[in-house]
Amino acid sequence: MDSDTACSIYRALCSCYPERIENGISYGDPFRVLILTILSAQTTDRSVEAVRPVLFSRYPSPADLAAADVEEVAAIVRPTGFYRMKARHIVGAARMIVEEYGGSVPCRMEDLLRLPGVGRKTANIVLSNAFGISEGIAVDTHVRRISRLLGLTDAGEPAKIEKDLTALFPRAVWGSVNALLVQHGRAVCIAGRPRCTACVLRAWCRYYRDEVQGNRIATST
DNA sequence: ATCCCGAGGG
DNA sequence: CCCTCTGGAT
């Protein structure tokens, strides 16, 4: 069996169990993961949660979304912000999936990157959350914040931080680490004042040791 | 006022 | 490289 066949089998199983949530991270049906990941940019989980049932009950499959009116989709995804652009992106992505990929979300990086609204970060998250495939660790706005953990300065090249993080973990867990870091960066290791008192990584965090315990930085709860 | 699970475009 | 797109949280 080749990897494309394996992906198809995986997709079939996923469509049987479309919603798998673990530790607050959405896994499962690649179509849903893709759409939710695009919608999640620059927004809160609450906004995405509000939109999700409405969107997927009206457009359960790529074919349904591909046939949708962009204005109608825009009205639905409005609470997530950037709604006109996001509506154009997800409908355009659905159309490309239907027209060029036989209605299935592709499971290769190069193919995912062709979809409108999908860049390196979105593609990475889709690969790991939907297919369990790891291409390395790329968490963008989070790499800078996770650099607190490594004790690297903000001036450090993002590419170097990314490389260091990737080197820290074995390949087999890149995907889950990627997803979990993003989740952690959203919930706990947030911009501004990180919620260090709620952080399970305190024991290893150089930022916490140097800045917080050293009483040089105030943290929120 | 400032920032956020970015990507596309000039 | 810098701008824009938007709403919501802090």
Side-chain angles (χ1 to χ4, degrees), chain A residues 21-28 30-52 54-55 70-97 105 109-131 133-149 154 157-159 161-162 165 174-199 217-221:
Chain A
I21 309 287
E22 289 170 17
N23 299 320
I25 306 169
S26 162
Y27 293 88
F31 171 63
R32 297 197 176 205
V33 173
L34 171 70
I35 301 305
L36 291 175
T37 305
I38 294 175
L39 291 184
S40 292
Q42 307 284 110
T43 326
T44 59
D45 290 339
R46 247 185 297 276
S47 305
V48 179
E49 277 303 303
V51 161
R52 181 168 57 103
V54 184
L55 187 68
V70 177
E71 291 302 317
E72 203 174 307
V73 174
I76 293 175
V77 302
R78 180 160 199 199
T80 69
F82 296 149
Y83 59 93
R84 266 183 279 266
M85 192 187 59
K86 284 174 178 174
R88 256 185 283 118
H89 284 168
I90 65 177
V91 172
R95 286 181 183 159
M96 188 178 287
I97 288 167
V105 177
M109 174 66 86
E110 49 176 311
D111 293 322
L112 283 170
L113 289 177
R114 294 188 56 229
L115 302 174
V118 178
R120 215 166 69 86
K121 295 127 203 175
T122 305
N124 245 302
I125 291 173
V126 171
L127 278 178
S128 51
N129 286 23
F131 294 110
I133 295 170
S134 315
E135 295 272 323
I137 294 176
V139 277
D140 193 44
T141 50
H142 295 300
V143 289
R144 173 168 280 158
R145 254 181 280 130
I146 300 300
S147 71
R148 289 169 180 156
L149 182 66
D154 275 353
E157 287 292 320
I161 300 174
E162 214 168 89
L165 275 175
W174 281 348
S176 19
V177 169
N178 207 22
L180 289 167
L181 281 181
V182 170
Q183 189 68 18
H184 191 67
R186 254 203 139 165
V188 179
C189 198
I190 55 175
R193 299 196 202 313
R195 309 189 219 268
C196 294
T197 50
C199 182
I217 301 266
T219 43
S220 68
T221 49

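First the proteins, then the strands, lettered A, B, ... as listed; each starts at 1.
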When the P atoms of dG10(B) and dT6(C) are compared, how many Å lie between them, rounded to an integer? 16 Å
To the nearest Å, how far apart are I38(A) CD1 and dC4(B) C1'? 17 Å
Does the pair L39(A) and L55(A) meet the rule for a side-chain contact (heavy atoms from CB on, under 4.5 Å), with working shown? CA-CA 11 Å; L39(A) 291 184; L55(A) 187 68; 3.8 Å; yes
Can you tell whether the side chains of R46(A) and E49(A) come within less than 4.0 Å, N to carboxylate O? no
Report yes if a side-chain nitrogen or oxygen of R78(A) is closer than 4.0 Å to either non-bridging phosphate oxygen (OP1 or OP2) of dG7(C); otherwise report no. yes
Rounded to whole angstroms, how far apart are CD on Q42(A) and C1' on dC3(C)? 14 Å
Measure across I38(A) and H89(A) and return the closest heavy-atom pair with its distance rounded to 0.1 Å. CG2-CB, 4.4 Å
Taken to the nearest whole Å, CG/L39(A) to C1'/dG6(B) is 13 Å
Specify the separation, in whole Å, of atom NZ of K121(A) and atom P of dC4(B). 13 Å
Given that V118(A) and T37(A) both sit by DNA chain B, which one's nearest nucleotide is further toward the 5' end? T37(A)
For a quick test of reading the model: is some side-chain N or O of T44(A) closer than 4.0 Å to OP1 or OP2 of dC4(B)? no
Spacing between R46(A) atom CZ and dC4(B) atom P, to the nearest angstrom: 18 Å
For a quick test of reading the model, state the closest non-hydrogen atom pair linking R78(A) to Y83(A) and the distance between them. CA-CB, 3.4 Å
Numerically ordered, the residues 80-91 of chain A set in heavy-atom contact under 4.0 Å with DNA chain B is M85(A), H89(A)
Take V126(A) and L112(A), measure what side-chain contact (heavy atoms from CB on, under 4.5 Å) needs, and give me the verdict at the end. CA-CA 9 Å; V126(A) 171; L112(A) 283 170; 4.2 Å; yes
Output yes when a side-chain donor or acceptor of K86(A) lies under 3.5 Å from a complementary backbone atom of V77(A), and no otherwise. no
